[in-house]
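Residue numbering restarts at 1 for every chain, and letters A, B, ... go by the order of the sequence lines.
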Amino acid sequence: MSSYLKNGTVTTDTLPSIVSYGTAVGRMEGDGPLGSCFDYVSEDSCFGENTWEKAESRLQQHAFEQALLRGSIAESDISFVFAGDLLNQCTGSAYSMRNNGLRFIGLYGACSTMAESLAMAAMFIDNGIGEYCAALTSSHFCSAERQFRFPETYGGQRPPTAQWTATASGCAIIGDHSAPPYIRSVTVGTIIDMGIKDANNMGAAMAPAAYDTLRTHFSNTGTCPDDYDLILTGDLGSVGSEILRDLFLQDGISLGERYNDCGLLIFDREKQDVHAGGSGCGCSASVLCGHILGRIRSGELKNVLFAATGALMSPTLVQQGESIPGISHAVHISAESV
Amino acid sequence: MKLTENEYGALAKRRSPDTKLYKTIPGAFVIGGLICCTGQLLLNLYSSAGLDKTAAGTLTSVTLVALSALLTGFGLYDKIAKHAGAGTLVPITGFANAVVSPALEFKTEGYVLGVGAKIFLIAGPVIVYGLAASALYGIILFITQAV
Amino acid sequence: MDYLWAFLAGGALCAIGQLLIDLTSMTPARILVTYVVAGVFLGAVGVYEPYAEFAGAGATVPLTGFGYQLAKGVREAVTADGLIGALTGGLEACAGGITAAVVFALIVALLFTRGDKTAKITGQS
């Protein structure tokens, strides 16, 4: 049974395994530095559908199918699906899962949803609930733009701090302890709002939440950044990750080379016009499932602290002049079983 | 967090790169200027074709709106706007783009509740406050003329 | 010569708009509203008319010109028809531009597929 340490940190008892994972992305992500890591790249941003919303659901289905395929797992063996996306009422996930008859738990944590779903799935399995649990998230640039910003053909300029929603999806399937990667512990974050109101500067809005969750995780588990080969935040982008480094430096801790951010990895900021980097539920999901989990499985990375971050805002609240609350959840994924 | 909101705001501001004014201002100036030159060309053309000043002006606006609608349809207006910023926002072509782009975007929600209802999503405030200001001016003018 | 003035005057109005975007937290929609209302005001106090005389399209194509048209229309209608002109003059003067935008928007919505900023080539009909 999982044990609750304190302040949101839960350690797993059985060390559940991430038994399989799959990814699907759009053209720009396929052209990016991690292009070859992804299982499915679509040149068609509509994924054969006639609306962006359906395109996102189709994209999510591709990632789910790739994960089933890689692990040779039958769809019917999935006991619970923890899925989320950025769309209103979580429809990207609901519509992608509407025909498969699986037990569905919809989650919303903005861009932090991959860590949220991974944590939930791991805790379910660790406590013997279900055979396999899937953690699955997606985002689509076009469906996110029309909901959060402007129509595609509207002529607007993005400031340098703006991030680019990745058209991407990632799925991890958690099962009983077998081969690595293992999920050792998770820290569920608190909502932190430091008064940032600029919806074009999500990195700055989310960085304090990442700082708080990481610091809490280190202190609760008695670890320090040096104990990890990689500390990977989800979608802070260039602005947010610089701020996160600053916040740790104020504590006298240098994150150094072992720190990276999914939003910086998925795109080439020099060649691709994405300003501060990638964002979206699918960004951290696809980077984790496409680029990181395989390297943990092979033993190249031993201990990874994955801390996806989310900006829990809506256009309505931003228009009402409210500041943007951030959240971050951390998941410790390890190649070591002792 | 040891920082207060103000201290954090200052840190965030320090780490947030500013827009490169040496790029955006000339971009807006040149492209905005060129759109106005196109307007002047059309105005001169229609005037030399014998139209009176008001008709030529209206036809110039209509032509620019049509050109902008076409560029928006082909997905080119936003590509220009990326470099032009206010240069494509402030001219009447920007108004047209603000009307056409939601119409195109929301047609998946149908022609009535999508296209029809969302067409003034962005440009609506311009018409609302433009008309309100002009009506206010009309009332003031009427009173001053009557006095 | 009128092209040069149109370029400089129109360019300057756009450059001011860009400064507002970059240096203030004003959203594009707020800037446009400000421009139109400023155009109505400048038209009402009689400043915009002489400016438009020498700047030509450099004054009428930017959205301040839209405001100026509204003010001019209202002035003419109030002078001719009295108070009712305050409600009719503005829209009458700008009817062409607004109706054109709506009609062309409908045509584009009918004929084109929606845009996609992530695609290499966009928007074929």
Who wins among B/Leu104, B/Leu3, B/Leu71 for the most heavy-atom pairs under 4.5 Å with chain A?
B/Leu3
Go through the atoms of B/Ile122 and report whether side chain, backbone, both or neither lie under 4.5 Å from a heavy atom of chain A.
side chain
Can you establish whether the number of heavy atoms outside A/Phe150 located under 6.0 Å from its atom CZ is more than 12?
yes
Contacting moiety of B/Lys2, where chain A heavy atoms sit under 4.5 Å
side chain
Tell me if the CZ atom of A/Phe148 is crowded by more than 12 foreign heavy atoms within 6.0 Å.
yes
Under a 4.5 Å heavy-atom cutoff, which of A/Asp198, A/Asp193, A/Leu247 has the most pairs with chain B?
A/Leu247
From A/Thr51 OG1 over to B/Lys107 NZ, what is the distance, rounded to the nearest 0.5 angstrom?
13.0 Å
For side-chain contact (heavy atoms from CB on, under 4.5 Å), just list the numbers for B/Leu11 and A/Ile243, CA-CA rounded to whole Å, side-chain angles, deciding distance to a tenth of an Å, and then say yes or no.
CA-CA 7 Å; B/Leu11 167 65; A/Ile243 294 174; 3.9 Å; yes
Minimum heavy-atom separation for B/Ser101 and A/Pro151, please, with both atom names.
O-CB, 3.6 Å
Please report the shortest heavy-atom distance between B/Asn97 and A/Gly155, naming the atom on each side.
OD1-N, 2.8 Å
Shortest non-hydrogen contact between A/Asp246 and B/Arg15, atoms and distance:
OD2-NE, 2.6 Å
Is A/Asn50 close to chain B through its backbone or its side chain, or both, or neither, when contacts mean heavy atoms under 4.5 Å?
backbone
Nearest atoms (heavy-atom pairs only) where B/Asp18 meets A/Pro160:
O-CG, 3.6 Å
Using heavy-atom distances under 4.5 Å, tell me whether A/Tyr154 contacts chain B through its side chain, its backbone, both, or neither.
both
Going by an N to O cut-off under 4.0 Å, is there a salt bridge joining A/Arg146 and B/Glu109?
yes
What option among A/Arg158, A/Arg215, A/His275, A/Gln250 has the most heavy-atom pairs under 4.5 Å with chain B?
A/Gln250
So, taking the atom named CG in B/Leu89 and the one named CD in A/Gln157, what distance separates them when rounded to the nearest 0.5 Å?
9.5 Å
Taking it one step at a time, do B/Thr4 and A/Met194 satisfy side-chain contact (heavy atoms from CB on, under 4.5 Å)?
CA-CA 8 Å; B/Thr4 65; A/Met194 290 301 285; over 6 Å; no
For the atom pair CD1 (A/Ile196) and OG (B/Ser16), what is the distance rounded to the nearest 0.5 Å?
7.0 Å
Can you tell me if B/Tyr8 uses its side chain to pair, donor with acceptor, with the backbone of A/Ala204 under 3.5 Å?
yes
B/Asp78 and A/Thr153 side chains, donor-acceptor separation under 3.5 Å
no
Taking B/Glu105 for the side chain and A/Glu152 for the main chain, is one N or O donor matched with an acceptor at less than 3.5 Å?
yes
